[in-house]
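What follows is one structure encoded as structure tokens, with my remarks underneath.
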Amino acid sequence: MFDLGVYNNLWNIYVLFIGAFISLLISFFSENKYIHIAVGAIFSLIALIMTLFAGLYLRTSYITIASDSLIMSGYSSLLFAAILVPAIMSVLAMTRTPETNKPGLLVSIFLISLGFMGLAVSSYNLLFIFLAFEGVSIPTYVITAFGKNDSELEAAVKYFIIGAFSTGLIIFGISAYYISTGSLNLGTSPVFGNMYILAMGLLIFGFGFKLAIFPLHGWAIDTYTGASNAISSLLSTSSKIMTLAVMINIFLSSAYFFGYLKIIFAIIAIFTMTFGNLVAISQKNVKRMLAYSSVAQAGYLSTVFLVAGTGAIKLAMISIFMYALAYGLMKGGSFIGMNSLKNYDIDEFSGQWKKNPVFAVSFSILLLSLAGFPGTLGFIGKYFLFLSVLSTGTSLAYIVVIFAVLNSVLSFYYYGRVIMYMFWKKSDSVPAKNNSILTAAAILTVLFGIIYFLLYYYGSYMMVHLPSLIMGVI
Amino acid sequence: MDIQQWLVFLIFGLPLISFPFVIGVGYIKKNLSMYLGTAVIFVSFLIGLYVFFNYTVNGIVISASVNWLPNLPISIPVGIYADNLAMIMVLMVSFVGFLIILFSVGYMAEDPRRHVFFGEMVLFTSSMLGLVLASSLLMLFIFWELVGLCSYLLIGFWYYKPNAASAAKKAFIVTRVGDVFFIAGIGAAILYSQGAALSVANIKAGASVIPYVWQRTIVSLLLFGGAIGKSAQFPLHVWIPDAMEGPTTVSALIHAATMVTAGVYLIARTYTIFTPLSLAVVLYIGVFTIILSGLIGLVVNDIKRILAYSTISQIGYMVAALGLGLGATSIGLSIYQLESHAFFKALLFLSAGAILHALLNTRDINKMGGLWKKMPVTITAMFIGALALSGFPLTAGFFSKDSIISASYSVNEIAWVLLATGGFLTSLYTFRLFFKIALGKPKTFAAEHAHEAGILMLIPIVILAVFSLIFGLFQNGFYTFLGGAKATITSLDAIPAVLMLVGMGIAYYAYGRESTIPEKVAKASGFLYRLVKSKFYLDVLFTNVIAERVVLGFSAVMDGFERRILDGLINTWGYIFKNAGLSLRKIQTGLARQYALIILIGLFLALLLLRVLMYLGVFH
């Protein structure tokens, strides 16, 4: 029987849609950018607070809606919180970029995409996942195109073409899944094994495009570089964390596929991080370098699939929460930090320590955190993620972690180069503008890097029901 | 955490959090940071007092810990552990620290970088408080290193003086030698006890936390190696005399309240795991240090260095008391000596600071003289300090030191003889210093025109003088509080007192009036005099032989290896990676159709791989 369930617990997502309509309504009367951004920030903040409070209730008793299609649990609210933090940073950064005369539309589309992100991370039915995922994709195609230059348009078009292409793969994968299992719910055991594996292969490639893992990374570099900074930040953080959560929901509940999943993702992870780091070395444009480093980070993140079906899954999910938060702060913060500069050439960074020390120190902290320097949240995220992968004890896990650690070492080269330019190179570049979001991100990165055990205990406190939710028991 | 635990955390947390603000407000107005720094330490002291009285009423050990790195095979507690030992130390550190900082308000009033100075003093005190309250050896080590860092910063506070800069480096490097032993000791403790011995509570619960005696001996000797470095015992005592280059208040803080007591505290904290063998080592190192530094103290002419050598020898008494191996009684004897020493040594340093303040930083005692008439309050206070240091009957030093000497008689007669001799040497060098300063005629222009210091500097001096006089009242209460036996008075107690009076008499005969005896003695002893005067050639050995020949030679070899071989390897790899990046970026053409093509190729390969795996069967 189809059980409708209790929809009352979706209010943290409803407020985002309500905010979208309010922003549209206000745009009838005023196109003042600051009003709309305030609306966007306030509603995202309300959603964050409600998510945190709802999580306290949901952690012991999760809510199922529409016959297990949507499951609101402590785990999903934790990941949604990790999505909302960088999203709030992005919407605040819209004061500088993109330049537009329709801020009402921009903010309302932004809020709609956020609402769908919340639905996507708690969906456990492929149809729901597809709808929510497209509900994120289509608004983000539109806001990527915002801006006064051709580069934003080009970025949006590339994003759209590859996105549409992947949608095809997803549909194909979903139909193959239905053929093999006779159901669209996740965690159903297959009737036709071969078809199931084909479906999973297609779904990896369909969903993986938003995560920008190795063969699917092409659009990401151009789009992150071309889009305006606030949007690059959104695409490379919130949208990516959402995709990772969706993929975790799908693949970690497909017990039949676990053996293949680990091999495929071991290969993908190694290729992704090595490729991202190697090409980032030769970049002179810092924003493009950050785009490549974002690809490399996707490689680190996707090592989480190696814990499929083992006891390490709880630790892995806690560390994914911590890494997602770290990643949102450091990657979002560094993309937003680009707002302070005229152009993104590395020479523009030289001598900023003398000209704007706050900018130089904050940006260096975020870069060090990206590289995984101890004392920052980036290190903690990586440490626990790799620890959980290692604790599965398979030789595959050891190979992947060794590659990941070597890659982290490699990445110090290009992050360190920017720091070196900022502190020791003299030039007559323009002083960077002050950027409070960048500074706040840097402070939070260091603060939580030191008192990370609070995050750890919070994460493990919230994930009471985690194993039964995603290990195929649903 | 309940309110008590928060309060204990605040004892060191408050100064630790507020030290950036102490420096920060200095950029608005320099004097603000002086007042803020003093107030912060005072609040710490008040909280410590409150917690202490609570403990005396209900006797509950306050502890709270979280696991620092979850999901490791061992647990690393980070938190607070406040038992009787920690609380008595907290009281002393915060109280003496507060008085010294109060004195600094007058002493450093003219310095242009005083906001930095006060910030660092606050950090120094807070890291010592954190060290005392730490709930695990690793956390203790972190604060231990913070103490070392602060000592480096403060000794080199006048970094533009070449002596100060090199003294700071020396203090840092020499204590670092001890730290290597300490961290090796922590490693050994983790290894032998599967991590259980990291927790201070587990160590206190009993020796069985580390199963075998030989393992305990190794761990305790390594920990003692750390203590030697911090507490300036032979052979790592060489940093302390040089450390006198810093501001005098820093010396007072290092010697009385914070740094050198850390080593003694470490031994007392981990006392259960010390085996008879390692206790014997502790005892003999302590006794040897007392005699050695007492002899050197007789021939030095720098007022602060004499006090430095006296610190080394007094710490030797604390270490020797611990080495007696009497359990809680030993800890009581040692910590009581530590605290009474804190009072009179802080007193001596602060009055020395007042003298240097008056004499424009002349430190040679041969250029002073006759100061009792010029600075009556300071010199009287210093007289009290000197009496207490040498153990004049009924002063604080008499109770603390004589108890140690008497207690040693039943354990080890050789140690008793040497400890008593040490007491004689102590009174000899102390009164040599005092009579040369206070009596006779002023020998320089500066000494003739010396005058009393300001009221702000006199208050701490007077308070400390009072404590140096009356601290003996608390002796038995102190021992009971730490769980030891009460002191008993026997006829043996008379011997150290008599020796002390004899030393004082000789000092007056030789130095208190015009006399040529010292020169004659120096000439007569010839080689021996030169040996002592050159500090037993230990500095020469460490600097010229070990550091310059052995270490520098070794590092030159490693440098060559690194430059030639490692750098070459790294450059080759860098070249490879850079070129790999350059050629890989060519697939980033910017054409969306090619990206789609790459995706399709990737998909094809992935599906092919899946198909192959299906045939082969999945392996993990």
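Chain letters run A, B, ... following the sequence lines, proteins first and then strands; every chain starts at 1.
For A:Asp150, the CG atom is loosely surrounded, since the number of other residues' heavy atoms within 6.0 Å does not exceed 12. Enclosure of atom CE in B:Met558 is not indicated, since only 12 or fewer non-hydrogen atoms of other residues, nucleotides or ligands lie within 6.0 angstrom. Residue-environment remark: OH (A:Tyr458) exceeds the threshold of 12 foreign heavy atoms within 6.0 Å. The 12-atom threshold is not exceeded at CZ of A:Phe271, counting heavy atoms of other residues, nucleotides or ligands nearer than 6.0 Å. Within a 6.0 Å sphere centred on CZ of A:Phe403, other residues, nucleotides and ligands contribute 12 heavy atoms or fewer. Remark: B:Phe143 CZ is packed, more than 12 non-hydrogen atoms of other residues, nucleotides or ligands lying under 6.0 Å away. More than 12 non-hydrogen atoms from other residues, nucleotides or ligands lie less than 6.0 angstrom from OH of B:Tyr160. Counting heavy atoms of neighbouring residues, nucleotides and ligands inside a 6.0 Å radius, atom OH of A:Tyr457 exceeds 12 of them.
When the heavy atoms of residues 217-225 of chain A are compared with those of chain B, the residues falling under 4.5 Å are A:His217, A:Gly218, A:Trp219, A:Ile221, A:Asp222, listed by number.
The distance from atom CZ of B:Phe577 to atom CG of A:Leu410, rounded to the nearest 0.5 Å, is 5.0 Å. Between the CG atom in A:Leu198 and the CG atom in B:Leu610 there is a gap of 8.5 Å [rounded to 0.5 Å].
Looking at A:Asn194, the atoms closer than 4.5 Å to chain B (heavy atoms on both sides) sit in the backbone and in the side chain alike. Neither the backbone nor the side chain of A:Ile204 comes within less than 4.5 Å of any heavy atom in chain B. For a residue to count as touching a neighbouring chain, one of its non-hydrogen atoms must lie under 4.5 Å from one of that chain's; by this rule A:Tyr414 does not touch chain B. Contact of A:Ile267 with chain B is made through the side chain alone, with heavy-atom distances under 4.5 Å. Neither the backbone nor the side chain of B:Arg593 comes within contact range of chain A; no heavy atoms are under 4.5 Å apart.
Ranked by heavy-atom pairs under 4.5 Å with chain A, the first of B:Leu600, B:Leu591, B:Ile601 is B:Leu600. In terms of heavy-atom pairs under 4.5 Å with chain B, the best-connected choice from A:Leu202, A:Ile197, A:Ile161 is A:Ile197. Most heavy-atom pairs under 4.5 Å with chain B, from the set A:Leu216, A:Asn277, A:Leu169: that is A:Leu216. Ranked by heavy-atom pairs under 4.5 Å with chain B, the list A:Gln283, A:Met200, A:Glu154 is led by A:Gln283. Contacts with chain B were tallied for A:Tyr383, A:Phe214, A:Phe209; A:Tyr383 has the most, counting heavy-atom pairs under 4.5 Å. Of all the listed residues (A:Tyr452, A:Tyr159, A:Tyr413), the one sharing the greatest number of non-hydrogen pairs under 4.5 Å with chain B is A:Tyr452.
For the residue pair B:Ala596 and A:Ile162, the shortest heavy atom distance occurs at N-CD1, 4.0 Å. Across all their heavy atoms, B:Leu603 and A:Phe205 have their closest contact at N-CE2, 3.2 Å. Considering all non-hydrogen atoms of both residues, B:Leu582 and A:Ser282 come closest at CD2-CB, 3.7 Å. In terms of heavy atoms, A:Phe165 sits closest to B:Ile599 at CE2-CG2, 3.7 Å.
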